[in-house]
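Every heavy atom of this structure was used, including side-chain atoms; hydrogens, water molecules and symmetry mates were not. Labels below follow one simple rule: chain letters A, B, ... track the order of the sequence lines, proteins then strands, and each chain is numbered from 1.
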Protein chains: 2
Amino acid sequence: MINKKTKYALKALIYLAREYEKGPILISVLARDENIPKKFLELILLTLKNNGVLQSRMGKGGGYFLACHPRAINVGQVIRILEGPLAPVQCVSETAYARCEECESEELCGIRMVMKDVRDAMAEILDSTSLADVLEKIENAKQKESKILNFVI
Amino acid sequence: MINKKTKYALKALIYLAREYEKGPILISVLARDENIPKKFLELILLTLKNNGVLQSRMGKGGGYFLACHPRAINVGQVIRILEGPLAPVQCVSETAYARCEECESEELCGIRMVMKDVRDAMAEILDSTSLADVLEKIENAKQKESKILNFVI
DNA sequence: TAAAAATCTACTTAATCGATAGAAATAAAA
DNA sequence: TTTTATTTCTATCGATTAAGTAGATTTTTA
């Protein structure tokens with residue numbers, strides 16, 4: 001299970017992706033619209049900024065905005081920033097590999113073999129899904145919903 | 001990242017799968033051979049028993065053994081017992097579904113759509129990999145290793 | 001009845017989660 | 001230059017979980 005921080009981060013980023021190139025967005029607006037505790041959101045946005053996903057402007061007229069195009073930010077990246085590596089065990093992590101201490105032979109570890117497949121499957125999905133893709137998915141779902149509604153009416 | 005409890009559980013189960021139908025195995029033997037703190041392992045085996053994966057006999061000549069054939073116990077099941085649901089967010093869990101409070105429309109939640117795919121991919125792998133499969137994988141890896149060794153010599 | 005096992009209950013220590021508080025730095029506008 | 005609006009930094013909090021330990025109890029067999 002991903003933690004709330006990560007969920008909030010994704011919510012905020014999807015929001016900012018929708019508002020891309022419409023100027024800086026206030027933390028307070030984001031917090032209100034997405035129902036996120038403001039002070040908590042501050043920390044989250046800051047770490048996203050420190051990791052190059054967001055940019056900000058201080059002072060009047062300031063706020064946060066995406067550091068690059070929504071197509072250039074993917075969900076895997078965001079999860080790794082807030083949650084750490086995707087891999088279920090560190091010995092199969094591509095971004096934060098570390099040997100499992102107590103494990104004798106890495107090559108012959110059954111757990112490792114299974115978890116490698118899991119990691120790869122997760123990474124395949126998360127690293128290939130950009131914020132733009134997420135927006136698109138939402139749009140598609142809306143289309144579908146309105147079609148059904150139309151049909152019912 | 002899965003926790004140590006889960007890792008220990010899988011190690012123990014793989015061990016017991018290898019010794020399937022050779023009678024009960026002592027906690028102390030398991031703890032020694034797999035390098036797991038004995039007292040900690042006790043708790044783990046007990047919860048595995050309480051969840052129907054293991055059986056035990058008390059007293060002299062007692063110990064733990066698999067409750068069913070290694071082909072009938074899969075990794076997903078074990079992880080769910082010790083770690084909880086596979087799903088990254090509760091609203092896509094098949095085994096422990098719950099609505100995300102703050103989420104307005106489940107159907108239109110982008111995070112949910114992505115995480116649904118992730119959950120399905122994980123479940124696909126973990127629920128289709130039995131303890132017997134893991135043993136097989138290990139055997140294959142051993143074969144491969146010895147072949148390479150032979151080639152070098 | 002003694003020994004050998006699993007089982008149960010409770011505790012510990014450290015870390016992490018989900019926040020909150022308040023002051024400091026910065027930028028723009030008046 | 002001062003005020004105002006904003007982000008940024010540092011610290012703290014209470015609750016929960018992780019990883020393990022301790023010790024007494026129950027059950028079984030020989």
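In summary, of the residues considered (B:E94, B:R80, B:Q77, B:M122), a side-chain contact (heavy atoms from CB on, under 4.5 Å) with B:D127 occurs for B:R80 alone.
Side-chain contact between A:N3 and A:T6: present, with at least one pair of heavy atoms (C-beta onward) separated by less than 4.5 Å.
Within the model, atoms CG of B:N74 and CG of B:L126 stand 8.0 Å from one another, a figure rounded to the nearest 0.5 Å. Put simply, CG on A:L48 and CG on A:L43 are 11.0 Å apart, with the number rounded to the nearest 0.5 Å.
At a cut-off of 3.5 Å, with distance as the only test, no side-chain donor of A:N50 or A:T47 sits close to an acceptor on the other residue.
As rounded to whole Å, 13 Å separates atom P of D:dA18 from atom CD1 of B:I2. We find that CD1 of A:I25 is positioned 11 Å from P of D:dT7, with the value rounded to whole Å. Distance B:K7 NZ to D:dA19 C1': 13 Å, rounded to the nearest Å. As rounded to whole Å, 14 Å separates atom P of D:dT7 from atom CD1 of A:I44. As rounded to whole Å, 13 Å separates atom C1' of C:dT16 from atom CG of B:N3. The distance from atom CG of B:L45 to atom C1' of C:dC8 is 15 Å, rounded to the nearest whole Å. The interatomic distance linking B:K5 (NZ) with D:dT21 (P) rounds to 13 Å, in whole Å.
Under 4.0 Å is where a charged nitrogen must lie from a carboxylate oxygen, and between A:D133 and A:K137 no such pair does. The residues A:K142 and A:E139 are annotated as salt-bridged, a charged nitrogen and a carboxylate oxygen being separated by less than 4.0 angstrom.
Using a 4.0 Å cutoff on non-hydrogen atoms, the parts of residues 46-56 of chain A near DNA chain D are A:L46, A:K49, A:S56, ordered by number.
Applying the side-chain hydrogen bond (donor to acceptor under 3.5 Å, both in side chains) test to B:Q55 and every residue at least two apart in sequence or in another chain returns nothing.
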Fill in the blank from the handout: Going 5' to 3' through nucleotides 19-27 of chain C and flagging B where a protein heavy-atom sits under 4.0 Å of the base, S where only the sugar-phosphate is that close, and - otherwise, we get BBBB--BBB

